[in-house]
Number of protein chains: 2
Amino acid sequence: MEEGTFPAPGSCEGTDDEFDVMHWDSREDCEVRQILDRVADKWSLLVIALLERRTLRFTELKREIDGISQRMLTQTLRHLERDGLVRRTVYPVVPPRVDYDLTPLGASLHSTIKALVTWTEEHQREIAVARNRYDLQADAAPVAAGATA
Amino acid sequence: MEEGTFPAPGSCEGTDDEFDVMHWDSREDCEVRQILDRVADKWSLLVIALLERRTLRFTELKREIDGISQRMLTQTLRHLERDGLVRRTVYPVVPPRVDYDLTPLGASLHSTIKALVTWTEEHQREIAVARNRYDLQADAAPVAAGATA
DNA sequence: CAGTATCCCTAAGGATACTG
DNA sequence: CAGTATCCTTAGGGATACTG
């Protein structure tokens with residue numbers, strides 16, 4: 001086991017609700033920031049997305065997620081399990097069988113993540129266009145850019 | 001400039017829409033995966049959140065986001081600008097002034113990101129509880145866990 | 001099958017110094 | 001002020017080998 005998990009919780013929940021959102025940005029060690037990082041993690045996103053409505057075994061997840069190593073998959077699953085987002089069920093059979101599925105908490109996160117994915121899918125064209133424009137003008141204009149008023 | 005930006009675009013947009021979502025997970029070099037990574041990035045999240053409804057200057061952003069280095073802030077802003085999410089406005093004044101704000105595209109992403117942040121805020125208690133439970137039982141049970149049916 | 005343990009290497013990213 | 005350039009450390013994460 002490696003696992004360097006935070007010894008200092010550093011709570012910053014009930015600071016003040018003057019700003020409905022936007023207060024979570026200051027404290028670096030803030031718990032919300034930390035959870036956000038975990039949840040917005042590359043592999044976590046994929047795992048949660050895949051576990052919607054279907055239970056998957058370790059190998060199935062590994063097969064589905066192109067490019068993930070078993071090391072990262074294990075680590076990601078452990079994190080998600082620890083956070084109560086994913087349930088791990090071990091069957092004590094002779095060829096080991098372990099099932100993974102979303103907890104209600106994980107399922108509630110899923111819709112949010114799906115929204116993010118959907119946004120990305122819907123706007124990938126625009127982003128591609130923006131990138132092309134940016135790259136071209138950056139290439140063409142080594143000096144003088146922006147509001148040349 | 002460092003910037004290692006992908007020479008191979010690797011499109012995977014119009015593959016098939018049998019699965020409304022859930023097809024974006026396989027191709028590792030998929031553009032959606034790449035955009036998702038950028039958008040779900042730790043610092044990007046914070047920058048976009050902060051730029052809601054207010055225009056900020058470089059130093060203001062740096063001050064607001066605790067723990068970010070100028071290197072990372074610059075890099076993040078450049079990426080977001082390139083993706084068409086953030087607009088950068090340079091005023092050719094003697095003490096340089098550069099303003100950052102969201103483009104319409106960036107603004108459209110903001111609501112999605114806000115949803116993610118809100119989810120995190122709303123469920124941080126549950127996650128904390130889950131973590132405690134996990135840590136305690138993992139500590140207490142070095143052997144035999146899960147469905148001991 | 002479902003992991004754990006090790007090794008190892010790349011790249012993310014902080015600190016610092018310099019510039020238009 | 002708003003960066004850029006350089007250095008350097010750390011840790012994220014792949015590859016491989018071993019185990020219950």
Side-chain angles (χ1 to χ4, degrees), chain A residues 1-6 28-29 34 37-38 40-44 46-47 55-82 86-101 138 142-148, chain B residues 1-6 28-29 34 37-38 40-44 46-47 55-82 86-101 138 142-148:
Chain A
M1 198 74 74
E2 44 192 313
E3 200 74 19
T5 45
F6 60 98
E28 182 178 15
D29 52 328
Q34 191 202 133
D37 263 24
R38 162 93 18 110
D41 172 71
K42 176 183 185 175
W43 300 125
S44 299
L46 293 165
V47 168
T55 296
L56 291 175
R57 303 177 55 172
F58 186 85
T59 324
E60 291 173 330
L61 279 165
K62 176 136 176 35
R63 215 191 332 265
E64 294 276 359
I65 304 175
D66 183 56
I68 198 172
S69 61
Q70 76 285 48
R71 189 181 180 281
M72 276 304 102
L73 181 54
T74 303
Q75 191 173 301
T76 303
L77 287 169
R78 287 298 181 288
H79 285 160
L80 293 175
E81 187 196 358
R82 194 175 101 101
V86 158
R87 181 178 54 167
R88 178 171 179 265
T89 313
V90 182
Y91 299 96
V93 291
V94 57
R97 180 197 177 92
V98 180
D99 280 357
Y100 292 95
D101 61 349
V143 288
T148 331
Chain B
M1 196 74 74
E2 43 190 313
E3 200 73 22
T5 46
F6 60 99
E28 182 176 16
D29 52 328
Q34 190 202 134
D37 263 24
R38 162 97 13 115
D41 172 71
K42 177 184 185 173
W43 301 124
S44 300
L46 293 165
V47 168
T55 296
L56 291 174
R57 304 177 55 173
F58 186 86
T59 322
E60 292 173 329
L61 279 165
K62 177 137 175 35
R63 214 191 333 264
E64 294 274 0
I65 304 176
D66 182 57
I68 198 172
S69 60
Q70 77 285 48
R71 191 180 179 283
M72 276 303 101
L73 181 54
T74 303
Q75 191 174 300
T76 302
L77 287 168
R78 286 298 179 288
H79 285 159
L80 293 175
E81 187 196 359
R82 195 175 100 102
V86 158
R87 181 178 54 166
R88 177 171 179 265
T89 313
V90 182
Y91 299 97
V93 292
V94 57
R97 179 196 179 93
V98 180
D99 280 358
Y100 292 95
D101 62 348
V143 286
T148 331

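Convention: sequence-line order gives letters A, B, ...; per-chain numbering from 1.
When all heavy atoms of A/Glu60 and A/Leu56 are compared, the pair lying nearest together is OE1-CA, 3.3 Å. Closest heavy-atom contact between A/Lys62 and A/Ile68: NZ-O, 3.2 Å.
Ranking D/dG3, D/dG14, C/dT4 by closeness to the A/Arg78 side chain, first place goes to C/dT4. The side chain of A/Met72 has D/dG13 as its nearest neighbour among D/dG13, D/dG3, C/dA2. When distances run from any side-chain atom of B/Arg71 to the nucleotides D/dT6, D/dG14, D/dA2, the shortest one goes to D/dT6. Here the side chain of B/Arg57 is nearest to one of C/dA2, C/dG13, D/dC1, namely D/dC1. Here the nucleotide nearest the side chain of A/Phe58, chosen from C/dG3, D/dA2, D/dG20, is C/dG3.
Between A/Ser69 and A/Val94, the residue anchored closer to the 5' end of DNA chain D is A/Ser69, taking for each the nucleotide with the nearest heavy atom. Residues A/Thr74 and A/Pro96 each lie close to DNA chain C; by heavy-atom proximity, the contact nearer the 5' end of the strand is made by A/Pro96.
If you take CZ of A/Arg88 and P of C/dC1, they are 16 Å apart, rounded to a whole angstrom. In this structure, the CD atom of A/Glu60 is 11 Å from the P atom of C/dC1, given to the nearest Å. Here the C1' atom of nucleotide D/dA2 and the CG atom of B/Asp99 are 12 Å apart, to the nearest Å. Computed from coordinates, the A/Leu73 CG to D/dG12 C1' distance equals 16 Å when rounded to whole Å. Look at CZ on B/Arg63: it is 16 Å from C1' on D/dG3, rounded to the nearest Å. Atom CG in A/Asp41 sits roughly 14 Å away from atom C1' in C/dA12 (whole-Å rounding). To the nearest angstrom, P of D/dG12 lies 9 Å from NE2 of A/His79. Rounding to whole angstrom units, CD of residue A/Gln75 and C1' of C/dA2 are separated by 16 Å.
Pairing of C/dG14, defined by two Watson-Crick or G-U wobble distances under 3.5 Å, is identified with D/dC7.
Residue B/Pro95 is out of contact with every strand shown, counting any heavy-atom pair closer than 4.0 Å.
Within the 4.5 Å cutoff, the side chain of A/Phe58 has heavy atoms near those of the A/Leu77 side chain.
Side chain of B/Ser44 to main chain of B/Arg38: a donor-acceptor pair is present (N/O by atom type, distance under 3.5 Å, no hydrogens or angles).
Within a 6.0 Å radius of CZ in A/Arg57, more than 12 heavy atoms belonging to other residues, nucleotides or ligands are found.
Side-chain atoms of A/Gln70 come within donor-acceptor range of the base of D/dT16, with a qualifying N/O pair under 3.5 Å.
For the pair A/Tyr100 and C/dC1, the criterion of a side-chain N or O lying under 4.0 Å from OP1 or OP2 is not met.
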